[in-house]
K.L.:
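The structure under discussion is supplied below as structure tokens; questions concerning it will follow.
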Amino acid sequence: MSNTRAADLRRRARRLRHLAQTIETTPAMHLERLAGEDTWRGPRPRLCRELLRRNLAQLHRAADDLRWHAYLLEQQAAACDALAAR
Amino acid sequence: MTPHVGYDPQRIRRLVRATIESIEAFDLIRSDEPAAADAVRAARNARRNLEDAWMPLLREIESSDAMVAARGLGVAGLRAEWSATARWLGAPGGPAVGHDALLVDIARLDEQVPLVDDDESRAEYDTWLSGQRDLAIDIARRVRADPEFADRLIAAAYSAPVIGLLVGLTDFPADFRADLLAATLADPWWESGWEMDKYAGAASTLIGSMLDDPARCLDVLGRDGAAAALAGWPPLDQDLVAGFFVAALGEAPLRDRDLLPVGYASLKTLVGLANEQPFDGDGFQPGAATGLAHAIAVYVPSLIQGLENEHVPVEVKSLGADSEFDLELGTREEVVDFFGAIVRTQAAQVELGAVIGASVRDALGPRPQVTVGDVAEFAELIDLAVDNEDEELAIAASTRRTSMLRVGGMIGLGIAVGTALAGVSSASRSVAEYASANVTGGVAGTVRADTVGGSRVRAIAYQSIQIEACRRFVADPDLRRAHGAGAVGAGPLRSIDARLTDLGALLTDPDADPGERQRAILNVVGAVRAAGGGPYLDAVLEENSVDDLTEADSTADL
């Protein structure tokens with residue numbers, strides 16, 4: 001029973017880590033390189049870049065949070081295994 | 001010197017392609033893991049930025065003369081590019097550069113909003129926010145002068161909630177505040193952390209700024225997503241949310257009867273929400289539940305008509321002075337669930353009970369808008385809602401091993417408050433007038449849940465009808481004459497009046513002994529019957545089929 005629960009927790013942790021990786025490798029992460037002043041310039045493009053920077057910062061924070069939650073789930077899984085081994 | 005601002009079509013096309021790919025990639029970021037909710041939301045936010053800010057500008061550039069001209073070659077082509085770009089940038093009606101720069105500043109400022117997690121950081125936040133007053137004044141001036149700038153700010157609401165926080169610092173136009181609140185509530189579902197605090201702070205600031213404008217509150221409530229956010233987003237200031245619902249659904253139609261159908265349209269939305277997740281399982285958030293319970297008084301007369309004869313669906317129509325409307329609120333079962341979503345909050349139970357109590361007073365008063373039978377019908381509906389919620393909680397308690405919370409314990413107190421507050425002297429106050437009296441918080445804040453037992457709403461309503469009928473008997477000589485008790489002397493009437501006064505004190509005392517309350521009620525009813533009031537009491541109870549209410553738990557405690 002405990003092993004099943006531990007496996008479930010590890011599966012969820014893997015999904016969270018995978019999601020974090022998906023977020024950090026999303027094509028938007030490279031948009032800034034293509035959207036520099038040599039492509040477009042002026043106040044409106046600057047606003048777009050500013051908003052994108054803000055969005056990317058949010059996404060990086062979210063990815064960190066996902067890894068933290070994944071770590072917690074793995075800790076719980078380890079605790080389940082320890083209980084089952086007694 | 002004017003800066004060079006030409007565009008390379010290839011670079012722009014590459015950027016368009018990459019932007020579209022990014023939008024599509026964000027579409028695929030989904031997860032049903034609760035811990036992933038903020039990440040999914042961040043992806044959605046980024047997607048919206050690309051779709052709403054990047055793509056329109058890129059499309060604009062693609063279709064502008066600047067791009068067409070840039071395709072030319074040589075000196076002539078470069079000259080054409082230069083003049084076309086200059087024309088495009090200076091085109092009348094285009095955004096002023098000053099506004100754009102300010103929008104960039106606002107986006108940066110949003111990143112600097114201090115995180116609040118204790119009293120010290122709260123003080124730092126307050127100092128930081130008050131330091132933005134000059135900026136807020138500048139923005140408000142621009143909003144008043146330039147509707148297009150105002151629209152762009154509103155469009156940026158989901159990316160920069162700091163705009164909502166700034167609204168609290170100075171006087172912004174009312175329409176702008178309403179539009180900004182609607183935009184903020186359209187998709188605010190952050191569930192934790194700094195982002196949530198900012199969105200909730202912005203929305204709460206805007207809600208607080210609108211409470212003295214009920215018609216606009218009602219307007220916002222009807223916008224996309226607003227009712228769901230207000231009824232279901234926990235981090236909003238729940239006191240302000242309660243006030244918002246009272247203003248929108250209670251005060252607005254009270255001030256202007258033409259707004260009653262508009263209020264009903266929002267009620268219909270809320271009835272729908274109450275039958276969906278998460279509301280079907282958890283009920284409305286406390287602010288919404290309490291505000292709705294208070295405001296529902298305004299709808300009781302027409303709502304009760306729609307409930308008659310177990311109509312399926314519940315169809316509400318205009319009465320007397322109301323402007324014309326005819327609306328299907330939902331099935332009877334859905335309406336029951338709507339009240340079920342309300343009664344999970346104790347303060348809302350008190351409010352709902354008070355509405356029943358006030359309706360009883362109205363029904364037996366000199367200018368009734370509803371009949372006693374109507375109130376009995378309404379009480380039965382609430383009783384059913386309470387039973388359903390109790391049942392759901394019992395199931396949840398058995399499956400999740402959580403403790404079961406009995407719903408509805410405070411409704412009795414509310415009914416008591418509704419019937420006892422005004423006493424005989426103000427029995428003529430209508431249900432609608434009652435809604436404008438501020439019971440919220442005052443009563444709910446002074447009682448404890450465990451001191452008022454018995455949630456059998458129907459039986460409690462029956463008792464309150466009896467008590468109110470006794471009051472009317474004492475107060476109205478014409479009524480006594482009409483029912484063959486014109487000869488009753490002043491002595492017995494004074495005695496009944498004294499017993500009613502004692503009973504009123506017992507009813508509004510949450511610590512009173514239930515048995516003592518029951519005895520006091522029986523004493524009053526017995527004294528009225530002894531004074532010749534039996535035929536009147538029987539007429540009230542039997543002619544309105546109120547006796548059906550006693551099929552419920554006869555030991556319920558008012």
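Only this structure's heavy atoms are used, side chains among them; waters, hydrogens and symmetry mates stay out. In what follows, chains are A, B, ... by sequence order, proteins preceding strands, each numbered from 1.
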K.L.:
Using the test side chain to side chain contact (heavy atoms under 4.5 Å, CB included), find all partners of B:Asp27 that sit at least two apart in sequence or belong to another chain.
P.N.:
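Partners of B:Asp27 by the side chain to side chain contact (heavy atoms under 4.5 Å, CB included) criterion, ordered by chain and then number, come out as B:Arg47.
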K.L.:
Checking B:Leu50 against chain A: side chain, backbone, both or neither under 4.5 Å from a heavy atom?
P.N.:
side chain
K.L.:
Out of curiosity, A:Leu34 CG to B:Arg17 CZ, how far, rounded to the nearest 0.5 Å?
P.N.:
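One gets 9.5 Å once the value is rounded to the nearest 0.5 Å.
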K.L.:
For the CZ atom of B:Phe26 and the CG atom of A:Leu59, what is their distance to the nearest 0.5 Å?
P.N.:
5.0 Å
K.L.:
Given a strict heavy-atom distance threshold of 4.5 Å, which part of A:Arg53 is in contact with chain B: side chain, backbone, both, or neither?
P.N.:
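Neither part; nothing is under 4.5 Å.
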K.L.:
State whether B:Asp32 and A:Arg15 are salt-bridged, where the test is any N-O pair (Lys NZ or Arg NE/NH1/NH2 against Asp/Glu carboxylate O) under 4.0 Å.
P.N.:
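A:Arg15 and B:Asp32: salt-bridged.
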K.L.:
Using a cut-off of under 4.5 Å on heavy-atom pairs, state which of B:Val40, B:Asn49, B:Leu58, B:Ile106 scores highest against chain A.
P.N.:
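Most heavy-atom pairs within the cutoff with chain A belong to B:Asn49.
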K.L.:
For atom NE2 of A:His30, is the number of surrounding heavy atoms from other residues, nucleotides or ligands below 6.0 Å larger than 12?
P.N.:
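Atom NE2 in A:His30 is crowded, with more than 12 foreign heavy atoms closer than 6.0 Å.
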K.L.:
Counting only non-hydrogen atoms closer than 4.5 Å, does A:Leu16 touch chain B with its backbone (N, CA, C, O), its side chain (CB onward), both, or neither?
P.N.:
side chain
K.L.:
Can you find a pair of side-chain heavy atoms, one from A:Leu47 and one from B:Arg152, that are under 4.5 Å apart?
P.N.:
yes
K.L.:
When rounded to the nearest 0.5 angstrom, what distance separates CG in A:Leu52 from OG in B:Ser22?
P.N.:
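The OG atom of B:Ser22 is 8.0 Å from CG of A:Leu52, to the nearest 0.5 Å.
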K.L.:
Within the distance-only criterion (no hydrogens, no angle test), does the side chain of B:Trp54 pair as donor or acceptor with the backbone N or O of A:Cys48 below 3.5 angstrom?
P.N.:
yes
K.L.:
Measuring heavy-atom distances to chain B, does A:Leu19 have an atom under 4.5 Å in its side chain, in its backbone, in both, or in neither?
P.N.:
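For A:Leu19, the contact with chain B is made by the side chain alone.
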K.L.:
Got a second to check how far B:Arg48's CZ is from A:Leu51's CG, nearest 0.5 Å?
P.N.:
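Answer for the CZ-CG pair, B:Arg48 versus A:Leu51, is 12.5 Å.
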K.L.:
Counting heavy-atom pairs under 4.5 Å to chain A, which of B:Arg30, B:Glu21, B:Arg108 comes out on top?
P.N.:
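Most heavy-atom pairs within the cutoff with chain A belong to B:Arg108.
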K.L.:
Within residues 66-73 of chain A, which residues come under 4.5 Å of chain B, heavy atom to heavy atom?
P.N.:
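Against chain B, the residues of residues 66-73 of chain A that fall inside the cut-off (heavy atoms, under 4.5 Å) are A:Leu66, A:His69.
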K.L.:
Identify the heavy atoms of B:Ala25 and A:Thr26 that sit nearest to each other, and give their distance.
P.N.:
CB-OG1, 3.6 Å
K.L.:
What distance do B:Glu111 atom CD and A:Gln58 atom CD have between them, rounded to the nearest 0.5 Å?
P.N.:
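These two atoms lie 7.0 Å from each other.
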K.L.:
To the nearest 0.5 Å, how far apart are CD in A:Glu50 and CG in B:Leu103?
P.N.:
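Those atoms lie 11.5 Å apart.
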